[in-house]
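What follows is a short report on a single structure.
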Amino acid sequence: MSENKKIEKIVGVKGMNDLLPDDSALWELFENTVHSVLKSYGFQQVRTPIVEPTPLFARGLGEVTDIVEKEMYSFEDSMNGDKLTLRPEGTAGVVRAAIEHNLVYDGPKRLWYAGPMFRHEKPQRGRYRQFHQVGAEALGFSGPDIDAELIMLCQRLWDDLGLQNVRLELNSIGDANERNLHRAALISYFESHSDILDAEAKRRLHSNPLRILDTKNPAMQEMVNAAPKLLDYLGAESLAHFDGVQKILRHNSIPFTINPRLVRGMDYYNRTVFEWVTDELGSQGTVCAGGRYDTLFSTFGGKPTPACGFAMGIERLIELMKVAGDVHQPSLCDVYLVHQTDEGQMQSLVLGERLRDAGLDVVLHCATATGVGSFKSQMKKADASGCAYAVIIGEDEVANNNVSIKSMRSDIAENNQISVPFDAAVDYLVDQIAGTGDDSSCCDDPNHIHINH
């Protein structure tokens with residue numbers, strides 16, 4: 001290769017983004033809060049592959065949905081010819097796993113999942129080609145109580161995250177026979193207004209007319225608003241189920257709006273459907289969507305099993321947390337180790353391990369290409385780390401077998417640095433940090449005493 005030839009830089013795939021350290025703290029806050037809320041409702045985690053057989057989505061989502069027609073990353077496995085797809089959503093994989101492993105043989109299950117999904121869309125704020133979802137699936141429950149509980153779970157999550165500008169829209173799309181009656185009425189109605197339909201609506205007219213109700217075309221809005229409403233075609237059982245959901249929500253002071261045009265993009269939904277929406281994110285206003293899917297198990301060859309669930313877009317909720325002013329920049333560590341001389345570095349390494357054994361988070365200052373740096377530069381790094389204490393081990397400390405401990409968050413400028421025998425440093429720091437209002441619930445390890453600043 002010519003020495004003058006510039007090596008081309010490789011960049012990431014369009015619409016598939018890196019999560020950088022400046023944002024990771026906010027993601028961790030979101031994920032920890034979600035995990036805590038889901039656990040409090042009795043949900044257990046399930047993890048499914050990101051690659052599934054293509055027929056799983058074609059059969060479950062519907063052949064004429066946008067996802068299957070235009071958005072799926074599908075390919076043929078060159079090793080054996082299998083038709084595979086990067087998962088565009090999570091419910092189909094969870095139901096496939098539940099059938100394959102007979103998960104509901106001993107009764108209903110509350111399951112949740114989290115991870116990346118893939119859709120080939122035009123990348124924009126809150127909509128990416130690799131995006132992340134958290135979802136919950138309640139399998140084997142048939143009543144309106146589980147529908148309402150899932151909605152209440154979401155409300156608790158918004159409250160715990162401090163999100164206020166999120167509202168609930170609710171609808172029922174009934175059962176198959178009711179949708180068929182409504183479908184016939186819709187087709188007849190839209191045919192009588194064919195001069196207003198755009199090309200996409202005309203394409204959907206006989207294959208999936210319900211999706212025309214979800215059009216964003218301003219020229220069609222007035223006509224669509226006057227279209228036959230599915231709620232008018234619901235039978236007694238569907239109406240009773242929908243009334244039951246509303247009754248529970250009202251009793252628990254969960255506000256909602258009935259949106260008769262609310263439908264779902266996947267064919268497997270029936271009866272209750274809902275969306276949590278916001279006006280804070282522009283056109284990408286839906287942050288969580290879900291509903292009931294009582295026929296999906298049968299569609300995949302399993303025993304008829306009622307089910308209900310939701311999925312929420314993590315990227316959109318992170319954006320909403322930022323809009324709400326939550327930047328969440330916790331400290332990197334409890335203790336930052338500053339040192340000079342080879343002996344000081346060795347002592348710092350020993351002390352760092354002892355402090356970690358005691359449950360503290362510790363950052364050791366390490367050399368860069370320009371060297372280990374002066375005390376002044378190291379102390380700047382210590383301050384930037386957000387640590388509670390800097391521990392200094394220099395030539396004098398090594399000679400006297402002690403360490404200097406400086407409080408980095410003291411309001412008093414003077415008298416905030418003391419000398420402590422080397423072997424007493426761990427007990428001193430644990431006592432100081434554990435006694436400053438630590439909330440050990442922020443950690444998975446009950447013995448960990450990390451303090452947030």
Side-chain angles (χ1 to χ4, degrees), residues 43-69 71-72 74 85-113 115 117 119 133-147 149-151 171-180 183 207-208 210-211 230 237-238 241-242 245 262-275 288-312:
F43 282 78
Q44 297 176 295
Q45 188 176 23
V46 60
R47 303 189 185 197
T48 61
I50 64 170
V51 177
E52 295 275 9
T54 299
L56 180 74
F57 303 111
R59 192 191 309 175
L61 306 185
E63 295 281 1
V64 293
T65 57
D66 280 349
I67 296 174
V68 172
E69 287 184 323
E71 299 172 1
M72 294 202 315
S74 298
T85 294
L86 295 177
R87 62 184 183 192
E89 59 92 43
T91 299
V94 171
V95 172
R96 188 269 310 151
I99 295 171
E100 185 173 339
H101 302 287
N102 203 19
L103 291 183
V104 293
Y105 80 97
D106 58 347
K109 292 290 187 297
R110 289 175 168 89
L111 305 175
W112 71 272
Y113 63 86
M117 310 291 164
R119 296 184 193 177
Q133 286 185 341
V134 168
E137 313 292 355
L139 310 180
F141 301 93
S142 60
D145 49 355
I146 195 68
D147 305 17
E149 184 184 73
L150 285 166
I151 292 170
N171 192 24
S172 175
I173 58 173
D175 293 327
N177 60 321
E178 296 155 354
R179 288 196 299 278
N180 286 337
R183 182 180 185 276
S207 61
N208 197 353
L210 201 64
R211 293 296 295 158
L230 181 52
E237 288 189 15
S238 292
H241 188 101
F242 193 42
V245 175
L262 178 61
V263 295
R264 297 257 39 86
M266 292 79 156
D267 283 357
Y268 54 66
Y269 282 99
N270 71 305
R271 294 198 177 181
T272 308
V273 292
F274 62 88
E275 287 188 1
C288 175
R292 180 162 284 281
Y293 50 94
D294 294 330
T295 62
L296 189 56
F297 272 75
S298 300
T299 300
F300 288 163
K303 296 179 180 179
T305 304
C308 188
F310 66 74
M312 56 184 65

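Treat the numbers as computed from the prediction; the structure is a model and nothing was measured. Basis for what follows: all heavy atoms, side chains included, without hydrogens, waters or symmetry-related copies.
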Side-chain donor-acceptor pairs of residues 97-107 under 3.5 Å, sequence neighbours excluded:
| residue | atom | partner | partner atom | Å |
| --- | --- | --- | --- | --- |
| E100 | OE1 | R96 | NH1 | 3.0 |
| D106 | OD1 | K109 | NZ | 2.5 |

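Listed here is the closest heavy atom pair of M117 and E89: SD-C, 3.6 Å. Of all the heavy atoms in L150 and A136, the pair that sits closest is CD2-CB, 4.2 Å. Nearest heavy atom pair, residue T305 against residue L139, reads CG2-C, 4.5 Å. Of all heavy-atom pairs between A92 and F300, the closest is O-CE1, 3.7 Å. F141 and P108 get closest at one heavy-atom pair: CZ-CB, 3.3 Å. Looking at every heavy atom in both residues, F297 comes nearest to A307 through CE1-CB, 4.4 Å.
Judged as a side-chain contact (heavy atoms from CB on, under 4.5 Å), and not counting sequence neighbours, the contacts of S74 are T54, M72, T85. With sequence neighbours left out, the side-chain contact (heavy atoms from CB on, under 4.5 Å) criterion links D175 to N177, E178, S238, N270, R271. Remark: Y293 pairs with Y268 by the ring pair (Phe, Tyr, Trp, His ring centres under 6.0 Å) rule, at least two apart or across chains. When the side chain to side chain donor-acceptor pair (under 3.5 Å) test is applied to Q45, the partners found at least two apart in sequence or on another chain are R47. In this structure R110 satisfies the salt bridge (charged side-chain N to carboxylate O under 4.0 Å, His left out) test together with E149, sequence neighbours excluded. For R87, the salt bridge (charged side-chain N to carboxylate O under 4.0 Å, His left out) test picks out no residue, with sequence neighbours left out.
Every pair passing salt bridge (charged side-chain N to carboxylate O under 4.0 Å, His left out) that includes a residue from residues 289-298 is listed here, sequence neighbours excluded: D147-R292, R292-D294. Every pair tested for salt bridge (charged side-chain N to carboxylate O under 4.0 Å, His left out) that includes a residue from residues 134-146 fails, sequence neighbours excluded, so the list is empty.
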Inset, instruction - Go through the steps to decide whether Q44 and W112 satisfy the test side-chain contact (heavy atoms from CB on, under 4.5 Å), and finish with yes or no. - result: CA-CA 6 Å; Q44 297 176 295; W112 71 272; 5.5 Å; no
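Residues I151 and F274 form a side-chain contact, since some pair of their non-hydrogen atoms from C-beta on lies under 4.5 Å apart. Residues V94 and Y113 form a side-chain contact, since some pair of their non-hydrogen atoms from C-beta on lies under 4.5 Å apart.
To the nearest 0.5 Å, atom OG1 of residue T272 and atom CD1 of residue I173 are 9.0 Å apart. If you take OG on S142 and NE2 on H241, they are separated by 8.0 Å, rounding to the nearest 0.5 Å.
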